[in-house]
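Report on the structure given below.
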Amino acid sequence: MSFDIDVTLQRGKRRIALCHRTQARIVALIGPSGIGKTSILNMVAGLLRPDHGHVRVSEAPLFDSDRRLDLSPARRRLGYVFQDRRLFPHMRVRDNLLYGRKPSSPLSLDDLAHFLGIAHLLDRWPNTLSGGEAQRVAIGRALLSYPRALLMDEPLSSVDSRRKEEILDMIRHIPDISQVPILYVTHDLGEARRLEAEVVIVG
Ligand SMILES: Nc1ncnc2c1ncn2[C@@H]1O[C@H](COP(=O)(O)OP(=O)(O)OP(=O)(O)O)[C@@H](O)[C@H]1O
């Protein structure tokens, strides 16, 4: 489990940059609004092209401007969990989870649903879930796609504080059960501490 990220991008007047190499299981990118945290995640995901640099996740090269390497988002095999959960409204929870599941995934639906505390929700529709429940499903769907890493962009910003603590405890254990490292964007140092994350200040 490792991240090796060295990217720069000029966006309007702002220069967005991150240079960090680590073997930490969870890395928290922290910084004020507008500094470029989401842009950095998008550069790692392949949704935004850096002007220069490289991205390697667990030794796999995903982008390298010197070598003209730029894998498509699908080929990067990264799971992205957004602030707004983006579940498919026309699919029950079970089908949301199974969407994009890789047969090679070492995680079974049942084990993962149990770990995430959503086993009792598998037959529900997304619009019947609370914010915290829906976010657990979004995390499960990302994990079942057998990602190299999880990218999480302020995933708990609309979850109340008690549920937030529970979900943070669950997220903290994801690398243990899945061997999937996490790049986690937040502006809340308390969240990073609860995750026992390595903190990287952006900006
Ligand atoms: N499509 C775009 N075109 C030009 N500039 C953009 C675009 N999207 C974002 N920006 C600018 O890039 C900078 C970084 O934005 P970004 O969303 O990455 O910051 P952030 O740290 O994630 O902010 P927040 O915490 O508010 O989500 C901001 O100044 C923003 O205005």
Side-chain angles (χ1 to χ4, degrees), residues 2-22 24-57 62-65 69-87 130-132 134-139 141-143 145 147-161 163-165 167-168 170-172 174-175 180-203:
S2 64
F3 292 102
D4 178 0
I5 300 168
D6 182 359
V7 288
T8 58
L9 174 66
Q10 192 70 35
R11 274 203 126 170
K13 289 186 179 158
R14 188 178 289 284
R15 181 175 176 273
I16 297 169
L18 179 75
C19 181
H20 191 71
R21 186 192 298 195
T22 181
R25 303 149 65 249
I26 305 182
V27 181
L29 301 183
I30 297 206
S33 188
I35 201 77
K37 306 181 295 298
T38 297
S39 302
I40 290 167
L41 274 199
N42 286 340
M43 285 190 265
V44 174
L47 301 173
L48 196 57
R49 191 187 164 91
D51 294 332
H52 188 73
H54 65 255
V55 176
R56 295 185 196 111
V57 174
L62 308 183
F63 176 82
D64 192 326
S65 56
L69 173 75
D70 186 7
L71 294 192
S72 67
R75 289 187 61 208
R76 292 191 187 204
R77 267 189 44 224
L78 299 168
Y80 207 145
V81 179
F82 302 90
Q83 200 168 330
D84 52 345
R85 294 158 278 274
R86 305 189 195 188
L87 298 179
S130 72
Q135 200 54 292
R136 288 170 189 261
V137 176
I139 293 168
R141 189 177 60 183
L143 277 174
S145 72
R148 283 183 224 278
L150 270 191
L151 311 179
M152 306 182 93
D153 192 358
E154 305 210 32
L156 303 182
S157 54
S158 56
V159 176
D160 72 52
S161 55
R163 297 276 173 257
K164 196 182 270 193
E165 301 288 296
I167 299 178
L168 284 168
M170 183 271 289
I171 293 173
R172 195 175 72 231
I174 286 176
V180 173
I182 300 175
L183 195 55
Y184 189 99
V185 161
T186 181
H187 55 263
D188 181 346
L189 190 55
E191 275 186 32
R193 291 215 172 106
R194 185 95 185 191
L195 289 170
E196 296 171 6
E198 180 175 277
V199 171
V200 177
I201 308 289
V202 180

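Order of appearance sets the numbers: ligands from 1, and atoms from 1 within every ligand.
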Modelled atom types, side-chain donor and acceptor of Thr8 and His52, under 3.5 Å: no
Set of side chain to side chain donor-acceptor pair (under 3.5 Å) partners for Arg77, sequence neighbours left out: none
Residues which pass side-chain contact (heavy atoms from CB on, under 4.5 Å) with Pro147, listed by chain and number, not counting sequence neighbours: Ser145, Leu150, Val180
Atom pair CG/CG of Asp64 and Asp6 - distance to nearest 0.5 Å: 9.5 Å
Close residues, ligand 1: non-hydrogen atom nearer than 4.0 Å: Arg11, Arg14, Ile16, Pro32, Ser33, Gly34, Ile35, Gly36, Lys37, Thr38, Ser39, Glu154
Listed once per pair and sorted, the side chain to side chain donor-acceptor pair (under 3.5 Å) pairs that draw on residues 192-203, sequence neighbours left out: His20-Glu198, Thr22-Glu198, Glu165-Arg194, Asp169-Arg194
Phe3 side chain near Val44 side chain, heavy-atom distance below 4.5 Å: no
